[in-house]
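To find a chain, count down the sequence lines: A is the first, B the second, and so on, and within it residues start at 1.
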Number of protein chains: 6
Amino acid sequence: MPFITVKVLEGKTPEQKRDLVKRMTAAVKESFDVDAEKVFIFFEDLKADDYGKQGELYSFQDENK
Amino acid sequence: MPFITVKVLEGKTPEQKRDLVKRMTAAVKESFDVDAEKVFIFFEDLKADDYGKQGELYSFQDENK
Amino acid sequence: MPFITVKVLEGKTPEQKRDLVKRMTAAVKESFDVDAEKVFIFFEDLKADDYGKQGELYSFQDENK
Amino acid sequence: MPFITVKVLEGKTPEQKRDLVKRMTAAVKESFDVDAEKVFIFFEDLKADDYGKQGELYSFQDENK
Amino acid sequence: MPFITVKVLEGKTPEQKRDLVKRMTAAVKESFDVDAEKVFIFFEDLKADDYGKQGELYSFQDENK
Amino acid sequence: MPFITVKVLEGKTPEQKRDLVKRMTAAVKESFDVDAEKVFIFFEDLKADDYGKQGELYSFQDENK
């Protein structure tokens with residue numbers, strides 16, 4: 001406890017994810033007063049074809065082409 | 001707002017997903033009276049080996065072999 | 001198939017959700033060419049204390065007080 | 001009904017997943033008294049780089065190297 | 001590992017959920033060869049107004065009125 | 001981006017959640033180099049009757065009675 005899921009556009013490196021695991025675990029420990037060994041974190045990579053906003057798929061938006 | 005997740009058997013094309021993003025955003029705008037730019041949509045592709053119903057994995061069901 | 005989850009700030013009426021179920025089912029049928037009876041939709045209500053953006057809990061943001 | 005999601009470290013075979021679908025469907029039928037054809041099961045494979053616990057990414061933990 | 005989520009129409013008793021936890025943990029142990037203490041199970045209760053299928057909200061379907 | 005979901009046993013106060021939103025947003029900004037206004041965080045409260053581990057429902061475990 002708790003169980004945290006991070007959905008993010010693909011492309012983050014294992015080192016970046018590792019860094020976030022450390023920082024988020026510390027954040028939860030501080031705010032919720034729980035032990036680090038009870039914090040579980042899952043990453044879900046989003047492809048540009050699997051994410052839409054403002055009525056358009058991300059991979060089709062001009063700024064991302 | 002809102003945040004919509006669509007879990008579907010793999011095989012849909014980016015064009016089909018793009019089309020659904022447009023239609024779903026319009027649907028939400030109509031039913032919930034929210035701006036299009038506040039609608040986020042995520043797709044999650046399901047493999048035939050990752051989906052079971054009626055007590056059997058989808059990839060093992062006769063109709064899908 | 002597919003399975004759709006709609007996460008939205010609480011306060012929508014059953015009639016609004018019913019309306020969206022109709023529209024989203026039609027949208028999926030059109031874009032993905034699937035039968036209406038295979039479309040499942042789930043709603044998850046978000047409380048203002050359970051949603052944060054821009055580094056602040058929604059219920060504490062000035063515009064929502 | 002119900003809809004069950006199983007998140008597990010990647011590496012399970014289709015046969016293992018098939019076996020679990022059978023057992024879980026039987027378990028739900030017994031505990032909740034529902035028909036087998038109403039039980040839907042989804043698997044989500046977790047990569048070792050997408051799972052963290054105890055403040056460290058799984059792929060970096062000594063026991064998993 | 002693994003992490004299992006069971007989404008079910010509200011109304012199941014704690015005893016039914018407890019029973020399912022026991023059965024599902026045994027099922028996972030058998031199919032995936034993991035220790036019981038590594039199996040986590042979460043329940044999510046669905047209200048009749050938060051579930052739609054066949055183009056209609058569950059609470060509005062004739063058979064459920 | 002990213003979209004973060006925190007599933008935690010019920011009982012955390014809005015102030016604790018607000019504190020975690022601030023810390024997690026800062027953590028993501030640091031590790032992933034994204035703007036704070038692109039970080040979305042959702043909380044999901046778990047009831048003691050909706051969480052099982054080690055083959056037993058949390059509310060029935062001796063240490064939690």
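- Of the two parts of A:Lys47, neither the backbone nor the side chain holds a non-hydrogen atom closer than 4.5 Å to a non-hydrogen atom of chain B.
- Note that CD of A:Glu44 is 8.5 Å distant from OG1 of B:Thr5, once rounded to the nearest 0.5 Å.
- A:Lys29 NZ: 12 or fewer foreign heavy atoms inside a 6.0 Å radius.
- Note that the CZ atom of B:Phe40 and the NZ atom of A:Lys7 stand 12.5 Å from one another [nearest 0.5 Å].
- Listed here is the closest heavy atom pair of B:Pro14 and A:Asp49: CG-OD2, 3.4 Å.
- A pairwise comparison of heavy atoms in B:Arg18 and A:Leu57 identifies N-CD2, 4.0 Å as the closest pair.
- Rounding to the nearest 0.5 Å places CD1 of B:Ile4 at 15.5 Å from NZ of A:Lys53.
- Nearest heavy-atom pair, B:Thr25 versus A:Gly55, reported as atom, atom and distance to 0.1 Å: OG1-CA, 3.5 Å.
- A:Glu56 has a carboxylate O that lies under 4.0 Å from a charged side-chain N of B:Lys22, or vice versa, which qualifies the two as a salt bridge.
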